[in-house]
Amino acid sequence: MLEVIKSGFNAFISGISTLFLISIGIWMVSLIVILFMELFQPGDINFRQYFTKVWRILVYSFEGVAYAGVVILPFIIYNADEKLDSSMKLVAAILLAIGFLYLRFRTTFYETLKSKKEKSTRPPKITKSSDLRKRSNWK
């Protein structure tokens with residue numbers, strides 16, 4: 001019984017590490033592409049904008065590998081000889097995808113939806129009397 005738990009846990013950890021290494025590989029290739037795009041643009045390099053792109057690509061590479069793992073790994077399990085390793089990679093991909101979706105809804109995606117809904121339903125805010133005069137055609 002203990003051997004089964006040990007082999008399952010080892011397969012799960014190797015699945016997480018495999019997904020992590022694939023994500024890092026995709027990120028490194030993307031870094032080279034972004035670096036050459038920045039180098040061949042006219043003008044100076046804006047480091048703040050460049051590091052924002054680097055961070056976005058890192059997050060997107062991890063999310064993309066987790067979501068792609070959920071889609072691709074069932075086909076790999078169907079064709080694999082060693083089903084335990086592939087199934088634990090699928091479990092790791094599902095858990096990572098759920099975690100990334102949770103973070104996405106708690107941070108950016110949900111906030112943009114909420115702000116769009118608030119903008120469409122609330123009346124315009126008047127802060128100065130000069131704004132009131134402009135809107136009501138007072139002189």
Side-chain angles (χ1 to χ4, degrees):
M1 179 68 179
L2 193 58
E3 282 297 316
V4 173
I5 293 172
K6 182 180 176 184
S7 64
F9 187 71
N10 284 339
F12 179 71
I13 295 298
S14 75
I16 288 177
S17 64
T18 303
L19 293 173
F20 180 77
L21 288 175
I22 292 170
S23 299
I24 293 295
I26 291 172
W27 180 60
M28 287 182 180
V29 170
S30 301
L31 278 179
I32 293 170
V33 170
I34 290 173
L35 179 65
F36 279 111
M37 286 173 52
E38 287 291 325
L39 285 176
F40 293 117
Q41 283 184 354
D44 294 335
I45 295 176
N46 186 356
F47 284 107
R48 184 175 188 167
Q49 189 178 31
Y50 175 71
F51 287 129
T52 303
K53 288 179 186 178
V54 167
W55 177 252
R56 275 195 196 139
I57 293 295
L58 177 69
V59 171
Y60 290 155
S61 68
F62 276 96
E63 286 182 357
V65 167
Y67 302 147
V70 171
V71 174
I72 293 171
L73 282 168
F75 298 110
I76 294 175
I77 291 171
Y78 181 73
N79 295 328
D81 294 331
E82 186 66 36
K83 298 202 183 286
L84 179 65
D85 290 336
S86 300
S87 60
M88 285 298 148
K89 287 177 189 173
L90 178 64
V91 169
I94 289 171
L95 290 176
L96 287 173
I98 288 171
F100 288 136
L101 283 173
Y102 176 76
L103 287 174
R104 178 69 63 171
F105 279 111
R106 295 293 286 172
T107 56
T108 58
F109 182 70
Y110 180 71
E111 293 299 322
T112 57
L113 285 179
K114 196 164 95 173
S115 66
K116 284 181 183 178
K117 188 176 180 181
E118 286 177 359
K119 285 181 183 176
S120 64
T121 59
R122 86 182 145 170
K125 190 175 184 181
I126 299 173
T127 56
K128 297 179 183 176
S129 60
S130 61
D131 291 340
L132 183 62
R133 286 186 203 133
K134 288 178 187 174
R135 290 186 184 169
S136 62
N137 294 328
W138 285 358
K139 306 254 174 163

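Under a cut-off of 6.0 angstrom, the local environment of OH in Tyr50 is crowded, with over 12 non-hydrogen atoms contributed by other residues, nucleotides or ligands.
Both Ile24 and Phe51 sit in one connected hydrophobic cluster of ILVMFWY residues. Membership requires side-chain heavy atoms under 4.5 Å apart, directly or through other members. Note on Leu101 and Leu103: separate hydrophobic clusters, where clusters join Ile, Leu, Val, Met, Phe, Trp and Tyr whose side-chain heavy atoms are under 4.5 Å apart, directly or indirectly. Phe20 and Leu96 fall within a single hydrophobic cluster, where Ile, Leu, Val, Met, Phe, Trp and Tyr are joined by side-chain heavy atoms under 4.5 Å apart, directly or via other members. A continuous path of Ile, Leu, Val, Met, Phe, Trp and Tyr side chains, each step under 4.5 Å between heavy atoms, connects Phe100 with Val59, placing both in one hydrophobic cluster.
Exactly one residue among Ile94, Thr18, Leu19 makes a side-chain contact (heavy atoms from CB on, under 4.5 Å) with Lys89. That residue is Thr18.
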Identify all side-chain donor-acceptor contacts of residues 29-44 below 3.5 Å with residues at least two apart in sequence or on another chain.
from  : atom 1 : to    : atom 2 : distance (Å)
Ser30 : OG     : Ile26 : O      : 2.9
Glu38 : OE2    : Lys53 : NZ     : 2.9

Can you give me every donor-acceptor pair (side chain of residues 64-86, partner residue at least two apart or in another chain, under 3.5 Å) with its distance?
from  : atom 1 : to    : atom 2 : distance (Å)
Asn79 : ND2    : Phe75 : O      : 3.4
Lys83 : NZ     : Ile77 : O      : 2.8
Lys83 : NZ     : Ala80 : O      : 3.3

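Side-chain N or O atoms of Trp27 include one that pairs as donor or acceptor with a backbone N or O of Val54 at under 3.5 Å.
Here the CG-CG distance, from Leu95 to Leu90, works out to 9.5 Å after rounding to the nearest 0.5 Å. Interatomic distance, CZ of Phe9 versus OG of Ser14, reported as 11.0 Å (0.5 Å rounding).
The stretch residues 57-69 participates, sequence neighbours left out, in these salt bridge (Lys or Arg N to Asp or Glu O under 4.0 Å) pairs: Glu63-Arg104.
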